[in-house]
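All heavy atoms count here, side chains included; hydrogens, waters and symmetry mates do not. Chain letters run A, B, ... following the sequence lines, proteins first and then strands; every chain starts at 1.
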2 protein chains.
Amino acid sequence: MGYGMREGLSERNKKILEAIIEDYIVTAEPVGSRAVTRRHGLTLSPATVRNVMADLEEMGFLTSPHTSAGRVPTDKAYRFYVDSLLAVGTIDKGERERIRKRYSLAGRDIGAVLHETSKLLSSVSHYMGIVLAPRFSSTIFRHFEFVKLSGRRILAILVARNGTVQNKLIESAEELSTDDLLRMSNYLNELLAGLPVSEVRAKILAEMQSEKVLYDTLLSRALKLSEQTIEDGGAQIFIEGQTNIFEQPEFTDVRRMKEVFRAFEEKSQLIHLLDRSLSAEGVQIFIGAETRLNQMEGLSVITSPYLSGKNTLGVLGVIGPTRMGYGKVIPIVDYTAKLVSRLLEEE
Amino acid sequence: MGYGMREGLSERNKKILEAIIEDYIVTAEPVGSRAVTRRHGLTLSPATVRNVMADLEEMGFLTSPHTSAGRVPTDKAYRFYVDSLLAVGTIDKGERERIRKRYSLAGRDIGAVLHETSKLLSSVSHYMGIVLAPRFSSTIFRHFEFVKLSGRRILAILVARNGTVQNKLIESAEELSTDDLLRMSNYLNELLAGLPVSEVRAKILAEMQSEKVLYDTLLSRALKLSEQTIEDGGAQIFIEGQTNIFEQPEFTDVRRMKEVFRAFEEKSQLIHLLDRSLSAEGVQIFIGAETRLNQMEGLSVITSPYLSGKNTLGVLGVIGPTRMGYGKVIPIVDYTAKLVSRLLEEE
DNA sequence: CGTTAGCACTCAGACAGGGTGAGTGCTAAC
DNA sequence: GTTAGCACTCACCCTGTCTGAGTGCTAACG
């Protein structure tokens, strides 16, 4: 047989595997030995290719849906392809221009930028675009404000330096005057200035113990209220272009479709997946089962974190079929992540 | 023929039409003459029923998909059914209890309540739940705040009396001190106190002309900035349970499904539809083409506005197949609308 | 005259059989 | 090691047949 050490593929075998994968990516149909010879002008006969294919199947790179169909790449094949075979293209200039232009409208609002990003990723890749927004707790505290709505109903507003806002309705034990609220705000603003939001809670709890506060009911009340306000609102996620998967032939089956949509209805799992790639550097690729989500069979995820300075803020990416145009999508995700990073840089 | 004046259906014909519709609602399959006699213990022979069915078809209440299938109700039939035949059930006590309980967790935050509502409508009806949130412009002004983020970047925050918040990032022409911003906020808060948000813009424009302002650059700047802030953020809409339509046999076809999901991806049309029923009183029903959305073929919408006092705030409802359990869903929508109204009452 | 039984007719859907073509694995020759 | 040749497999398509549900019409009935 034509391969040397275990799992080491000969050059020729790699070429053939690559041809099969790329053929399958465009046709979405099992690839036969004949098709492989036609494509990529391999000067081999179909019979030879068949021998190689049999080997590749044994090694777990290919399967055939039934005896007389061609071969289909497995997740393992895609993994190998992405790691060793794929020449990641560069994003072409026109495309880059188009992407950049889309942002000129979005303005500076971080939410708008991220929403636009997910739409953009979807429309450029023709798959689904996803963006995990920065956790509020990863921002820097900027401003606290209590607004009295009526009676004991108070709206607490928390502003971060990057312009994101979190607000919560709280019901205080007794009615407070506007003046009291103002003083409370001032106190908290001073106390918390410049702190990462993630540390705010600890700071508040610490302060509660301090002598100064123990004897000042107003301050202690302020702390109590603010403590109620701070709660990570949960990760926000933008998913766009879900209907694009209707175009993918492998999902024309209603059963599969159902599964996929169900998976996206419950976003928490997806968030979990994105969280995992939050700490990674650069583009990450999850193929099929590697996502560790069982409803994601047949789907791959390409992600990249985006940052501001050297702080990782969130993750963006594309979800598509495992049979995805990796060569094109990877640079898109990469470029977009860098662009978003730049846009959010100057806080 | 057995019917009197034009379009006036004899009692018997009504009974038969009703039987057909109700049969079709549960089976989702064309109803044959035989099936009609079996159900509802009509003491008629199939042959007689066939005659009646032929008449009903001619009148536009029924169609047959092909010669030897049974009959299927048309939109017109559902309309007639809903208007004249349907005995609207009452919502049973257990159900009511279950619904009420769901809200105990949601707290008072208006966004949370509405989101919960759409989920609830979906899960109780087994169709899709929709909620159109109140337009921000329909709220009462409560508080303005400028927060300086960095350099010339300012976050403008607008709080309404009901606790909703709108914020916008603006870039001022020149750098302003925190003090300046505070004075600007105070000025605006005084100026706009108690105004409906819809009138705020006009007020600002009017004030810009006043003498007092013309000679005070700070004030005029404040007005300019605030004017940039006020823009109706567009209607917000919650849609939940989209995957429920996978269960409906008439949508197992991938083509149909695609259409429906596409329709919901572009929400503006849906918003337009809900806007129309905003001014109506009580439960409204749109059957198929009555929605005036062509992708909504085969779907009906049941809506009801919810209010606070006598101010209409928004609309909520259910989207399901025309072949929907109207008798059950109508009271659910009605009850939920009343409940939500009560929850949002005490601002 | 409305109602009904009977009957011929229609048509979608299920089923079976034959043909086709793409593709395979094996073997023997190059 | 490579390739031509060949027998074989199997999904898919096409076709024809059968079945059953349902219809419309007509003639008889109370």
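- By the 4.0 Å N-to-carboxylate-O rule, A:E259 lies close enough to A:R255 to be salt-bridged with it.
- Between the C1' atom of C:dT4 and the CZ atom of B:R12 lies a distance of 12 Å, rounded to the nearest Å.
- Atom-to-atom, CD1 of A:I16 to P of D:dG1 comes out at 15 Å; the value is rounded to the nearest Å.
- Evaluation of the salt bridge (Lys or Arg N to Asp or Glu O under 4.0 Å) test over residues 85-95 of chain B, restricted to residues two or more places apart or in two chains, returns B:E95-B:R98.
- In this entry the distance linking CD of B:E29 with P of D:dG20 reads 17 Å, nearest Å.
- A:R262 pairs by the salt bridge (charged side-chain N to carboxylate O under 4.0 Å, His left out) definition with B:E247, not counting sequence neighbours.
- Not counting sequence neighbours, A:R276 has no partner by the salt bridge (charged side-chain N to carboxylate O under 4.0 Å, His left out) test.
- Within 4.0 Å of B:T37, counting heavy atoms only, lies no atom of the nucleic acid at all.
- Every residue two or more places apart in sequence or in another chain that forms a side-chain hydrogen bond (donor to acceptor under 3.5 Å, both in side chains) with A:Q269 is listed here: A:Q295.
- Within the structure, side chain to side chain donor-acceptor pair (under 3.5 Å) pairs that include any residue of residues 317-331 of chain B comprise B:Q248-B:R323, B:E250-B:R323, B:S300-B:Y326 (at least two apart or interchain).
- Along DNA chain C, the nucleotide closest to B:N51 and the one closest to A:A54 are compared, and the more 5′ of them pairs with B:N51.
- For B:E290, the side-chain hydrogen bond (donor to acceptor under 3.5 Å, both in side chains) partners are B:R79, not counting sequence neighbours.
- Residues passing the salt bridge (charged side-chain N to carboxylate O under 4.0 Å, His left out) test with A:D75: none are found, sequence neighbours excluded.
- The CD-C1' distance, from B:E11 to C:dG2, rounds to 18 Å in whole Å.
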What string of B, S and - do you get for nucleotides 6-23 of chain C, 5' to 3', when a contact is any protein heavy atom under 4.0 Å? B---BBS---------BS
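- Stem analysis of DNA chain C (Watson-Crick or G-U pairs, both distances under 3.5 Å, runs of at least three) returns C:1-30 with D:1-30.
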